[in-house]
A.B. asks: 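Take a look at this one; I'll ask things after.
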Amino acid sequence: MDIGGRKLMEQALLLTAEKFYKAFNANPLPCSISTLKEGRYVDVNDSFLNYTGYTRDEVIGKTRLELNIYAEPEQHEEIKQLFAKHNVVRNFEYKYRTKSGQIRIGLLSLDRFDVGDEQCVLGALVDITKWKQMEENLRLSEERFFKAFHYNPTPMAIVRFSDDKHIDINRDFEAILGFSRQEVIGRTVYDLDLYVDFEDFKTLKQQLLEQGYVRNQNILLKTKFGEIRNILRSGVLVELNGEQCRLLVLNDITDFMKMREKMARLDCLRLVGEMAAGISHEIRNPLTAIKGFLQLLSKKDLYAGDRSYFDLMIEELDRANSIISEFLFLARNKRVHKKVQNL
């Protein structure tokens, strides 16, 4: 019998098997071969051992459940059902446990194939633990920024530098300036007519270009309803999604400035009161002497015909004394508590 064809087929099969095992063992991804019936490992590659921390002897002949590889056991049943239904699994995200107990995350793919009379499953895993950690860190970072920005009790805004359009504002920006988020996003300060003097806006852009930040610039802004607010403006250049932007912080000091003006006026009144106290005492003393002598002289018979004039002068002195008493009232800087005393 001519067996040349059979020999060629055997050689081809051997060559195919050799290529498969070279690709299997040299694969940088963790790969495994397990029986379909019981799920026992027939073979694993070096990457599988490196990722899981097991030795080959510890793995061969064991199942995933026996090795406690599933970090979430319910995923074992889910994978079994998917494979039974489709004879294939692609990029199933699951958590696996290493020998040391570390929990890692991978994308599992399974394919069915036969080795002789044995039905087997070829598994490959893409470890995405680092990528998931980066994704989680990014999510947490974005969440922290979102909360720090939107729940900040100080008005804040993010403005694109290229076209001066607002990208985002926080709640306090809406509350202080009266504009809704929808009215501000995508519009410029010129569209909103926000500045009382737009030279302040040009100064902001120039200083940000020159030094990258501004600190506590006193400016005037207009609210949606035309009210003028006194603002301390700070800003810094930041890069968001590849675009240069301005992060602005607006500290509303309108009420503080009004309070400071009131305090200045009260301080002036206090000075007036102190002056009134000093001057009034100096004036009241001679007036008292004059009034006293006028009263004495008016009782003399020599001036009996002039008593009407004396009464008029005393009346005018009383009027002046009343005005001085009002000045002395301004000098009172503390509450007076009167009480009965035995002289």
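The figures that follow rest on heavy atoms only: side chains count, while hydrogens, waters and symmetry mates do not.
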A.B. asks: Give me the atom names and distance for the closest heavy-atom approach of Lys62 to Glu58.
C.D. replies: CG-O, 3.4 Å

A.B. asks: Report the C-alpha separation of Leu220 and Asp197 in whole Å, then their side-chain angles, then the decisive distance to 0.1 Å, and conclude whether the side-chain contact (heavy atoms from CB on, under 4.5 Å) test is met.
C.D. replies: CA-CA 7 Å; Leu220 297 177; Asp197 184 357; over 6 Å; no

A.B. asks: Below 4.0 angstrom, N of the basic side chain to O of the carboxylate: do Arg233 and Asp200 qualify?
C.D. replies: no

A.B. asks: I'd like to know whether Leu67 forms a side-chain contact (heavy atoms from CB on, under 4.5 Å) with Tyr96, so could you lay out the CA-CA distance, the side-chain angles of the two residues, the decisive distance to 0.1 Å, and finally the verdict.
C.D. replies: CA-CA 11 Å; Leu67 293 173; Tyr96 68 96; over 6 Å; no

A.B. asks: Can you tell if the side chain of Arg160 reaches within under 4.5 Å of the side chain of Lys165, non-hydrogen atoms only?
C.D. replies: yes

A.B. asks: Does one side chain, of Asn50 or Ser47, offer a donor that lies under 3.5 Å from an acceptor on the other?
C.D. replies: no

A.B. asks: Should the pair Lys95 and Tyr70 be classed as cation-pi, given the thresholds of under 6.0 Å to the six-membered ring centre and 45° from the axis?
C.D. replies: no

A.B. asks: Under a 3.5 Å distance rule, please check whether Glu77 uses its side chain to pair with a backbone N or O of Glu74 as donor and acceptor.
C.D. replies: no

A.B. asks: Looking only at non-hydrogen atoms, find the nearest pair between Leu29 and Leu125 and report the distance.
C.D. replies: CB-O, 3.6 Å

A.B. asks: Any pair with a residue in residues 124-146 that passes ring pair (Phe, Tyr, Trp, His ring centres under 6.0 Å), sequence neighbours left out, goes on the list, sorted by first then second residue, please.
C.D. replies: Phe145-Phe149, Phe146-His150

A.B. asks: Please give me the minimum heavy-atom distance between Ile176 and Thr223, naming the atom from each residue.
C.D. replies: O-CG2, 3.7 Å

A.B. asks: I would like to know whether Glu183 and Arg181 meet salt bridge (charged side-chain N to carboxylate O under 4.0 Å, His left out); could you show each step before the answer?
C.D. replies: CA-CA 5 Å; Glu183 291 173 318; Arg181 181 182 176 82; over 6 Å; no

A.B. asks: Assess whether side-chain contact (heavy atoms from CB on, under 4.5 Å) is satisfied between Gln207 and Gln217, documenting all intermediate values.
C.D. replies: CA-CA 11 Å; Gln207 291 186 353; Gln217 294 179 336; 2.4 Å; yes

A.B. asks: Can you tell if the side chain of Tyr213 reaches within under 4.5 Å of the side chain of Leu237, non-hydrogen atoms only?
C.D. replies: no

A.B. asks: Do Arg64 and Ser32 touch side chain to side chain, with heavy atoms closer than 4.5 Å?
C.D. replies: yes

A.B. asks: Report yes if some heavy atom in the side chain of Thr188 is under 4.5 Å from a heavy atom in the side chain of Asp163; otherwise report no.
C.D. replies: no

A.B. asks: If I compare all heavy atoms of Tyr51 with all of Pro30, which pair ends up nearest, and what's the gap?
C.D. replies: CD1-CG, 3.3 Å

A.B. asks: Please check if atom CE in Met313 has more than 12 non-hydrogen atoms from other residues, nucleotides or ligands closer than 6.0 Å.
C.D. replies: yes

A.B. asks: So, Thr63 side chain and Gly39 main chain: donor-acceptor pair closer than 3.5 Å or not?
C.D. replies: no

A.B. asks: Are the aromatic rings of Phe48 and Tyr41 close, with centres under 6.0 Å apart?
C.D. replies: yes

A.B. asks: With clusters defined by side-chain heavy atoms of hydrophobic residues (ILVMFWY) lying less than 4.5 Å apart, directly or transitively, does Phe83 cluster with Tyr94?
C.D. replies: yes

A.B. asks: Tell me whether Arg112 contacts the main-chain N or O of Asn87 through its side chain, where contact means a donor paired with an acceptor under 3.5 Å.
C.D. replies: no

A.B. asks: If the condition is side-chain hydrogen bond (donor to acceptor under 3.5 Å, both in side chains), which residues does Glu143 pass it with, not counting sequence neighbours?
C.D. replies: Arg139, Lys147

A.B. asks: Starting from the C-alpha separation in whole Å, work towards a yes-or-no answer on side-chain contact (heavy atoms from CB on, under 4.5 Å) for His166 and Ile158.
C.D. replies: CA-CA 6 Å; His166 288 81; Ile158 301 174; over 6 Å; no

A.B. asks: Name the one of Lys224, Arg187, Lys222 that satisfies salt bridge (charged side-chain N to carboxylate O under 4.0 Å, His left out) with Asp193?
C.D. replies: Lys222

A.B. asks: So if you build clusters from Ile, Leu, Val, Met, Phe, Trp, Tyr with side-chain heavy-atom gaps below 4.5 Å, do Val214 and Tyr195 land together?
C.D. replies: yes

A.B. asks: Are Lys80 and Glu78 close enough for a salt bridge, meaning some N to O gap below 4.0 Å?
C.D. replies: no

A.B. asks: Can you hop from Met156 to Leu248 via hydrophobic side chains spaced under 4.5 Å?
C.D. replies: no

A.B. asks: Are any side-chain N or O atoms of Glu93 and backbone N or O atoms of Leu107, one a donor and one an acceptor, separated by less than 3.5 Å?
C.D. replies: no

A.B. asks: When rounded to the nearest 0.5 angstrom, what is the spacing between OG in Ser162 and CD in Glu243?
C.D. replies: 5.5 Å

A.B. asks: Measuring only between side-chain heavy atoms, which start at C-beta, is Phe113 closer than 4.5 Å to Val121?
C.D. replies: no

A.B. asks: Gln206 and Thr203: side-chain donor and acceptor closer than 3.5 Å?
C.D. replies: no

A.B. asks: What's the spacing between Asp164 CG and Cys245 SG if we round to 0.5 Å?
C.D. replies: 11.0 Å

A.B. asks: Given Asp111 and Arg90, is the salt bridge (charged side-chain N to carboxylate O under 4.0 Å, His left out) satisfied, shown in steps?
C.D. replies: CA-CA 9 Å; Asp111 272 302; Arg90 288 286 180 266; 3.1 Å; yes

A.B. asks: Would you name the heavy atoms of Ala157 and Ile169 that are closest together and state the gap between them?
C.D. replies: CB-CG2, 3.9 Å

A.B. asks: Nearest 0.5 Å, what's the NZ-CZ distance between Lys300 and Arg307?
C.D. replies: 11.5 Å

A.B. asks: How long is the span from the NZ atom in Lys132 to the CD1 atom in Ile105, to the nearest 0.5 Å?
C.D. replies: 6.0 Å

A.B. asks: Checking side chain to side chain donor-acceptor pair (under 3.5 Å) for the pair Asp127/Thr129: CA distance, chi angles, key distance, verdict?
C.D. replies: CA-CA 6 Å; Asp127 189 273; Thr129 307; 3.1 Å; yes

A.B. asks: Judged by atom type as modelled, is there a donor-acceptor pair below 3.5 Å linking the side chain of Asn321 to the main-chain atoms of Leu317?
C.D. replies: no

A.B. asks: Looking only at atom types and distance, does a side-chain atom of Arg56 sit under 3.5 Å from a main-chain N or O of Val44, one as donor and one as acceptor?
C.D. replies: yes

A.B. asks: What I want to check is whether the side chains of Asp252 and Thr254 have a donor and an acceptor closer together than 3.5 Å.
C.D. replies: yes

A.B. asks: Work out which heavy atom in Ile79 is nearest to a heavy atom in Val89; give both atom names and the distance.
C.D. replies: O-CG2, 4.3 Å

A.B. asks: Report yes or no: does Glu38 contribute a side-chain atom to a donor-acceptor pair with the main-chain N or O of Arg40 at less than 3.5 Å?
C.D. replies: no

A.B. asks: Roughly how far, to the nearest 0.5 Å, is OG of Ser34 from CD of Gln119?
C.D. replies: 12.0 Å

A.B. asks: Quick one: does Asp43's side chain have a donor or acceptor within less than 3.5 Å of a partner on Ile33's backbone?
C.D. replies: no

A.B. asks: Heavy atoms, side chains only, cut-off 4.5 Å: are Asp255 and Ile253 in contact?
C.D. replies: no

A.B. asks: Report yes if some heavy atom in the side chain of Arg97 is under 4.5 Å from a heavy atom in the side chain of Ile103; otherwise report no.
C.D. replies: yes

A.B. asks: Hey, is the main chain of Met263 close enough, under 3.5 Å, to the side chain of Asp267 for a donor-acceptor pair?
C.D. replies: no

A.B. asks: With sequence neighbours left out, what residues match Tyr54 under side-chain hydrogen bond (donor to acceptor under 3.5 Å, both in side chains)?
C.D. replies: none

A.B. asks: Say whether Ile228 and Leu177 are linked into one hydrophobic cluster, either directly or through other cluster members, by side-chain heavy-atom distances under 4.5 angstrom.
C.D. replies: no

A.B. asks: Under 4.5 Å between side-chain heavy atoms, hopping through other hydrophobics if needed: is there a path connecting Ile314 to Leu297?
C.D. replies: yes

A.B. asks: For the aromatic rings, using the six-membered ring if either is Trp, is the centroid distance between Phe201 and Tyr190 under 6.0 Å?
C.D. replies: yes

A.B. asks: Short question: side chain of Asp172, backbone of Tyr151 - any donor-acceptor pair under 3.5 Å?
C.D. replies: no

A.B. asks: Between atom CG of Asn216 and atom CG of Asn251, what is the distance when rounded to the nearest 0.5 Å?
C.D. replies: 7.5 Å

